Amino acid sequence: GVDTARAMLRSAQSQHLGAKAAAGLSSESLDDSRILSPLAGTVTKRDVDMGTRVNPGMSAFEIQDIDQLKLVGAVTARDFARLSLGQNVELRVDARPGEVFNGTVETMSPSLDPITRRATVEITVANLEHRLLPNEFADATVIVEQREGVLAVHRDALAVTPEGSDVFTVRDGHAERAHAKLGPPEGEWVPVLEGPAEGDPIVVAGHSELRDGMKVVVAEAEGGDAP
């Protein structure tokens with residue numbers, strides 16, 4: 001009896017130690033199966049499913065920090081000269097019409113691309129509410145200068161010549177060609193730094209056939225206002 005009881009105790013102790021060792025190996029294996037990201041962010045792509053065998057070096061997930069996004073664009077040398085680091089930028093995307101997102105010029109390439117002749121500019125934009133999506137196309141507007149009380153004409157009113165741009169005004173029923181010193185265009189409008197004065201009637205259509213001194217008739221727009 002006593003010897004048999006001792007043998008059974010030793011067997012039970014041995015089984016207990018074996019089970020404990022197996023549990024330790026299972027716990028270590030479970031710890032090894034956990035994937036920890038070196039950065040905080042959002043999972044934007046998953047390359048594995050439950051049960052997939054994963055080998056060292058294999059990509060499992062793609063994680064991005066989308067709280068702040070970067071817009072990469074290219075500008076001409078002329079526009080590059082008007083930019084500077086830290087400038088405010090307004091961004092718009094087709095997916096959210098009417099909304100404007102604010103960004104900042106962060107990086108400016110010191111050289112032009114030899115093929116496109118454009119310089120790369122990087123803009124950062126805060127995206128804490130995740131309303132912008134990574135890899136989304138966006139239009140960026142940078143206000144490089146603000147002027148108040150500056151006369152502007154529509155770009156359709158410009159008569160471009162090899163010497164520069166002119167506009168036609170109307171005086172006493174005759175066309176009068178005036179050379180205009182222009183500033184950088186802002187969309188459809190071009191600031192006039194020198195040339196026509198405020199209030200001068202400007203020809204906006206048909207000026208390609210006009211000559212200085214030609215008699216003109218100002219057509220009235222619908223509603224009785226002169227164009």
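One-based numbering along the sequence shown. The model shown is predicted, which means the values in this text are computed figures rather than measured ones. All values below were derived from every heavy atom in this structure, side-chain atoms included, with hydrogens, water molecules and symmetry-related copies excluded.
Residues satisfying the side chain to side chain donor-acceptor pair (under 3.5 Å) test with D47, not counting sequence neighbours, are S59. With sequence neighbours left out, Q64 forms a side-chain contact (heavy atoms from CB on, under 4.5 Å) with T44, E62, I66, P134. Judged as a side-chain contact (heavy atoms from CB on, under 4.5 Å), and not counting sequence neighbours, N135 has no contacts. With sequence neighbours left out, the side-chain contact (heavy atoms from CB on, under 4.5 Å) criterion links L85 to V105, M108. Applying the salt bridge (Lys or Arg N to Asp or Glu O under 4.0 Å) criterion to E122, with sequence neighbours excluded, gives K70.
D67 has its side chain out of reach of N127: every pair of non-hydrogen atoms, C-beta onward, lies at least 4.5 Å apart. Side chains of V89 and T104 form no contact here, defined as non-hydrogen atoms less than 4.5 Å apart.
Of the possible donor and acceptor atoms, one in the side chain of S109 sits under 3.5 Å from a partner among the backbone N and O of S111.
Nearest heavy atoms, V93 versus F137: CG1-O, 3.5 Å.
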Chi angles and distances behind the side chain to side chain contact (heavy atoms under 4.5 Å, CB included) call for L132, V125:
CA-CA 9 Å; L132 295 173; V125 53; 4.1 Å; yes

How far apart are the C-alpha atoms of L71 and L91, what are their side-chain angles, what is the distance that settles it, and do they pass the side chain to side chain contact (heavy atoms under 4.5 Å, CB included) test?
CA-CA 9 Å; L71 174 67; L91 294 96; 3.2 Å; yes

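Pairs engaging residues 85-94 under the side chain to side chain donor-acceptor pair (under 3.5 Å) rule: E90-R92 [sequence neighbours left out]. Counting only residues at least two apart or on different chains, the salt bridge (charged side-chain N to carboxylate O under 4.0 Å, His left out) pairs with a member in residues 127-137 are E99-R131. Residue pairs that meet the salt bridge (charged side-chain N to carboxylate O under 4.0 Å, His left out) test with at least one member in residues 77-86, sequence neighbours left out, do not exist here.
Each of T107, L83, V142 was compared with V121 under the side-chain contact (heavy atoms from CB on, under 4.5 Å) criterion, and only L83 meets it.
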Side chains of residues 112-119: which donor-acceptor pairs under 3.5 Å do they make with residues two or more places apart or in other chains?
{"unit_1": "D113", "atom_1": "OD1", "unit_2": "I115", "atom_2": "N", "d": "2.8"}
{"unit_1": "D113", "atom_1": "OD1", "unit_2": "T116", "atom_2": "N", "d": "3.0"}
{"unit_1": "T116", "atom_1": "OG1", "unit_2": "R118", "atom_2": "N", "d": "3.4"}

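Within the model, atoms CZ of F80 and OG1 of T120 stand 9.5 Å from one another, a figure rounded to the nearest 0.5 Å.
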